[in-house]
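Right, one structure below, let's go through it.
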Amino acid sequence: MSDANSKPGSQPFQPSQIGGSMPLPTVGGVGANSAARPSVIQLVFREKSALYAAYIPAFTDGGLFVPTTRDYKLGEDIYLLLALPEDNQRYPVAGKVAWLTPANASGGRTQGVGVRFPGDEKTRLIRVRIEEILGTAVSSSKPTQTL
């Protein structure tokens with residue numbers, strides 16, 4: 001299985017490679033080998049349902065779940081390049097790991113990390129864009145990969 005630790009040019013993570021029926025974004029890694037620099041993860045949401053499953057509205061400034069088998073530590077810097085459904089623009093986000101879902105987590109949860117968005121104006125606009133795409137689904141009680 002490929003994940004955020006992939007080498008450039010490798011196959012991106014495919015949601016069908018994970019068990020369960022929860023839609024997941026496509027994940028690809030760039031330059032994740034360097035311990036001195038933050039990981040760079042390309043996170044592509046092709047479907048609104050995958051974005052809903054990954055979005056973390058409980059974080060004050062928003063955040064996203066990133067499926068990965070790479071070991072991260074709380075507070076670690078992580079750089080996301082987001083592609084949202086029905087939106088051709090790529091959005092850069094310099095976030096921090098705010099929670100960990102380990103391998104073999106209870107309830108069949110997918111291994112990965114919750115990335116908290118920074119409180120800057122640029123990222124606030126990205127959070128607003130995500131919430132516009134999700135609309136009323138943001139307050140849905142449907143299960144997600146997050147809380």
Side-chain angles (χ1 to χ4, degrees), residues 1-20 22-103 105 109-135 137-140 142-147:
M1 172 166 45
S2 177
D3 68 6
N5 218 8
S6 300
K7 303 265 188 282
S10 67
Q11 291 298 318
F13 174 88
Q14 296 299 316
S16 61
Q17 294 173 320
I18 292 182
M22 189 69 61
L24 296 170
T26 302
V27 178
V30 179
N33 305 358
S34 172
R37 293 184 306 186
S39 295
V40 177
I41 298 176
Q42 295 181 51
L43 200 56
V44 178
F45 293 96
R46 289 180 171 67
E47 302 170 12
K48 186 173 157 179
S49 59
L51 181 59
Y52 169 79
Y55 183 57
I56 309 171
F59 291 160
T60 303
D61 297 307
L64 289 168
F65 175 79
V66 178
T68 181
T69 56
R70 179 175 171 199
D71 289 328
Y72 284 93
K73 292 180 177 34
L74 290 175
E76 191 171 339
D77 291 331
I78 193 166
Y79 190 79
L80 303 177
L81 287 173
L82 301 178
L84 302 173
E86 302 172 17
D87 191 335
N88 293 328
Q89 186 171 345
R90 295 229 188 251
Y91 298 95
V93 176
K96 291 200 179 282
V97 174
W99 109 46
L100 307 168
T101 302
R109 291 217 176 276
T110 301
Q111 182 178 357
V113 295
V115 178
R116 179 178 44 87
F117 291 171
D120 61 23
E121 182 62 18
K122 184 177 175 183
T123 308
R124 186 190 72 75
L125 295 174
I126 296 168
R127 188 189 83 229
V128 167
R129 178 69 184 124
I130 290 170
E131 291 179 356
E132 283 174 354
I133 291 168
L134 294 177
V138 169
S139 58
S140 173
K142 290 187 337 184
T144 69
Q145 292 292 337
T146 64
L147 304 174

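Scope of the values below: all heavy atoms of this structure, side chains included, with no hydrogens, waters or symmetry mates.
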Tell me the salt bridge (Lys or Arg N to Asp or Glu O under 4.0 Å) pairs involving residues 55-64, sequence neighbours left out?
none
Could you pull out the closest heavy-atom pair between L51 and P85, with the gap in Å?
CD2-CD, 4.0 Å
Residues passing the side chain to side chain contact (heavy atoms under 4.5 Å, CB included) test with A105, sequence neighbours excluded, are T101, P102, R109
Report the distance from atom CZ of F59 to atom CG of L64, rounding to the nearest 0.5 Å.
9.5 Å
Might you point out which heavy atoms bring G63 and Y55 nearest each other, and give the distance in Å?
O-CD1, 3.3 Å
Shortest non-hydrogen contact from I126 toward P92
CD1-O, 3.6 Å
Sequence neighbours excluded, every pair satisfying salt bridge (Lys or Arg N to Asp or Glu O under 4.0 Å) that has a member inside residues 89-100:
D77-K96
Nearest-0.5 Å distance that lies between atom CZ in R127 and atom OG1 in T60:
9.0 Å
Under the side chain to side chain contact (heavy atoms under 4.5 Å, CB included) test, which residues partner E76, sequence neighbours left out?
R70, Y72, K73, V97
As an exercise, state the distance from CZ of R129 to CG of L82, rounded to the nearest 0.5 Å.
12.0 Å
Could you pull out all residues at least two apart from Y91 that satisfy side chain to side chain donor-acceptor pair (under 3.5 Å)?
D87
When rounded to the nearest 0.5 Å, the distance separating CD1 of I133 from CG of L84 is 4.5 Å
Let me check something: any side-chain donor-acceptor pairs from residues 115-122 under 3.5 Å, sequence neighbours excluded? List them with distances.
| residue | atom | partner | partner atom | Å |
| --- | --- | --- | --- | --- |
| D120 | OD1 | T123 | N | 2.8 |
| D120 | OD1 | T123 | OG1 | 2.6 |
| E121 | OE1 | R124 | NE | 3.1 |
| E121 | OE2 | R124 | NE | 3.3 |
| E121 | OE2 | R124 | NH2 | 2.8 |

Where F45 and A54 come nearest, the two heavy atoms and their spacing:
CE2-CB, 3.6 Å
List the steps and the verdict of side chain to side chain contact (heavy atoms under 4.5 Å, CB included) for L81 and L43.
CA-CA 6 Å; L81 287 173; L43 200 56; over 6 Å; no
